[in-house]
Trainee: 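Here's a structure for you.
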Amino acid sequence: MSNVIYIAAAVAIGTSISVQPPINATMARGLGSPLLAASISIFVSLVFVIILWIGWGKGTGDILQIRMLPWWVIFGGIVGVVVVAGSLVVAPVLGMALFFVCVVAGQLIGSTLIDQFGAFGIAVKPINMMKLVGISLVLIGVTLVQNSHS
């Protein structure tokens, strides 16, 4: 029962993510540049998370520990840029439904591989038949959503 709150939070996060590409695409059209719009969006995110960190997190943490982190952690920030900037370009072309079905398919494939190999320090959770069936259903969904535009 304790996972119910986390599942609800994950659904709320997913729902909120669905509004980001059309909002940012509107900004990109108004500004005449997807990369400028992405820069502004990411800057606003940075300011907001710093406010949260200082206020809610009480400014905890030690920035000097950054030297002790694995070199590849920088890719977390790069992925954020790819998601924001990529969605500005791709989502308006595909439409929101097809874009997000494809994003979810990619997330399922990537996260299943991360679980399978225990990448990035995540506990190993091997691929099984139920996961493969679930991923297959999402990929079928991609096809159905794509064909609904014909």
Side-chain angles (χ1 to χ4, degrees), residues 1-128 130-131 134-135 137-139 141-142 145-146 149:
M1 194 69 169
S2 64
N3 279 346
V4 171
I5 292 171
Y6 291 102
I7 290 170
V11 170
I13 291 166
T15 302
S16 68
I17 289 171
S18 71
V19 301
Q20 187 180 33
I23 289 170
N24 287 344
T26 300
M27 182 170 30
R29 280 191 305 275
L31 296 173
S33 170
L35 292 178
L36 177 58
S39 298
I40 292 169
S41 178
I42 291 166
F43 177 75
V44 170
S45 296
L46 174 64
V47 169
F48 189 69
V49 78
I50 288 172
I51 291 168
L52 286 175
W53 170 58
I54 291 169
W56 188 24
K58 308 271 189 291
T60 58
D62 183 358
I63 192 74
L64 298 178
Q65 291 299 310
I66 198 166
R67 297 181 308 222
M68 306 304 289
L69 296 173
W71 64 269
W72 45 262
V73 298
I74 192 73
F75 288 109
I78 294 170
V79 168
V81 171
V82 169
V83 169
V84 172
S87 69
L88 277 163
V89 175
V90 176
V93 174
L94 294 182
M96 293 304 121
L98 179 57
F99 172 73
F100 275 107
V101 168
C102 292
V103 167
V104 169
Q107 288 173 325
L108 284 172
I109 292 166
S111 60
T112 299
L113 291 172
I114 289 168
D115 279 349
Q116 173 68 25
F117 297 108
F120 312 112
I122 300 297
V124 172
K125 295 185 179 179
I127 295 174
N128 59 38
M130 291 300 285
K131 283 184 184 180
I135 292 168
L137 290 172
V138 172
L139 295 175
V142 168
V145 172
Q146 170 61 32
H149 292 129

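Predicted model, so just to flag it, every value in this text is computed and none were measured.
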Trainee: Between the side chain of Gln116 and the main-chain N/O of Pro126, is any donor-acceptor distance below 3.5 Å?
Mentor: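 Absent.
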
Trainee: Report the distance from atom OG of Ser87 to atom CZ of Phe99, rounding to the nearest 0.5 Å.
Mentor: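 One gets 5.0 Å once the value is rounded to the nearest 0.5 Å.
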
Trainee: Which pairs pass salt bridge (charged side-chain N to carboxylate O under 4.0 Å, His left out) with one or both residues in residues 19-48, sequence neighbours excluded?
Mentor: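 Checked against salt bridge (charged side-chain N to carboxylate O under 4.0 Å, His left out) - neighbours excluded - no pair reaches residues 19-48.
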
Trainee: Provide the closest heavy-atom pair for Ser18 versus Thr15 in the form atom of the first, atom of the second, distance.
Mentor: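 In this case the closest contact between Ser18 and Thr15 is OG-O, 2.5 Å.
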
Trainee: Please report the closest heavy-atom contact between Leu88 and Ala28, naming both atoms and the distance.
Mentor: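 The pair with the smallest heavy-atom distance is CD2-CB, 4.0 Å.
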
Trainee: Which of these, Val83, Val81, Val47, sits in a side-chain contact (heavy atoms from CB on, under 4.5 Å) with Ile42?
Mentor: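 So the option named by the test is Val81.
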
Trainee: Quick one: does any side-chain atom of Ser41 pair with a main-chain N or O of Ala37 as donor and acceptor, under 3.5 Å?
Mentor: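 No; judged by distance alone, with no hydrogens or angles, the pair does not exist.
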
Trainee: Under the salt bridge (charged side-chain N to carboxylate O under 4.0 Å, His left out) definition, can you give me all pairs with a residue in residues 113-123, not counting sequence neighbours?
Mentor: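 Passing the test, one end in residues 113-123: Asp115-Lys131.
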
Trainee: Hey, what do you get for CD1 (Ile114) to NZ (Lys125), rounding to the nearest 0.5 Å?
Mentor: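 Reported value, rounded in 0.5 Å steps: 12.5 Å.
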
Trainee: Check whether any side-chain heavy atom of Ile54 sits under 4.5 Å from a side-chain heavy atom of Ile50, and report yes or no.
Mentor: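 SC-SC contact between Ile54 and Ile50 confirmed.
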
Trainee: Mind checking ring-ring contact (aromatic ring centres under 6.0 Å, His included) for Trp56 and listing every partner two or more places apart, or none if nothing turns up?
Mentor: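 Counting only residues at least two positions away or on another chain, Trp56 forms no ring-ring contact (aromatic ring centres under 6.0 Å, His included).
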
Trainee: Does the side chain of Ile74 reach to within under 4.5 Å of the side chain of Leu69, using non-hydrogen atoms?
Mentor: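 No. Closest side-chain heavy atoms not under 4.5 Å.
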
Trainee: Working to the nearest 0.5 Å, report the span between OG1 of Thr112 and CZ of Phe117.
Mentor: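 Between Thr112 OG1 and Phe117 CZ, I get 11.0 Å after rounding to 0.5 Å.
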
Trainee: Looking at Ala105 and Leu139, what are the two nearest heavy atoms and their distance?
Mentor: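 Smallest interatomic distance, heavy atoms only, reads CB-CD2, 3.8 Å.
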
Trainee: I would like to know whether Leu108 and Val104 meet side-chain contact (heavy atoms from CB on, under 4.5 Å); could you show each step before the answer?
Mentor: CA-CA 6 Å; Leu108 284 172; Val104 169; 4.1 Å; yes

Trainee: What is the distance from atom CD1 of Ile135 to atom CD1 of Ile109, rounded to the nearest 0.5 Å?
Mentor: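 The CD1 atom of Ile109 is 6.5 Å from CD1 of Ile135, to the nearest 0.5 Å.
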
Trainee: I need the Leu35 CG to Ser39 OG distance, nearest 0.5 Å.
Mentor: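 Interatomic distance, Leu35 CG to Ser39 OG, rounded to 0.5 Å: 6.5 Å.
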
Trainee: What pair of heavy atoms forms the shortest contact from Met96 to Pro21, and how long is it?
Mentor: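 Looking at all heavy atoms of both residues, the shortest contact is SD-CB, 4.1 Å.
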
Trainee: Indicate yes or no for a side-chain donor-acceptor contact from Trp72 to the backbone of Phe120 under 3.5 Å, with no hydrogens or angles considered.
Mentor: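 No; judged by distance alone, with no hydrogens or angles, the pair does not exist.
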
Trainee: Rounded to the nearest 0.5 Å, what's the gap from CD on Gln20 to OG on Ser45? Could you check?
Mentor: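 Output value for this atom pair is 6.5 Å.
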
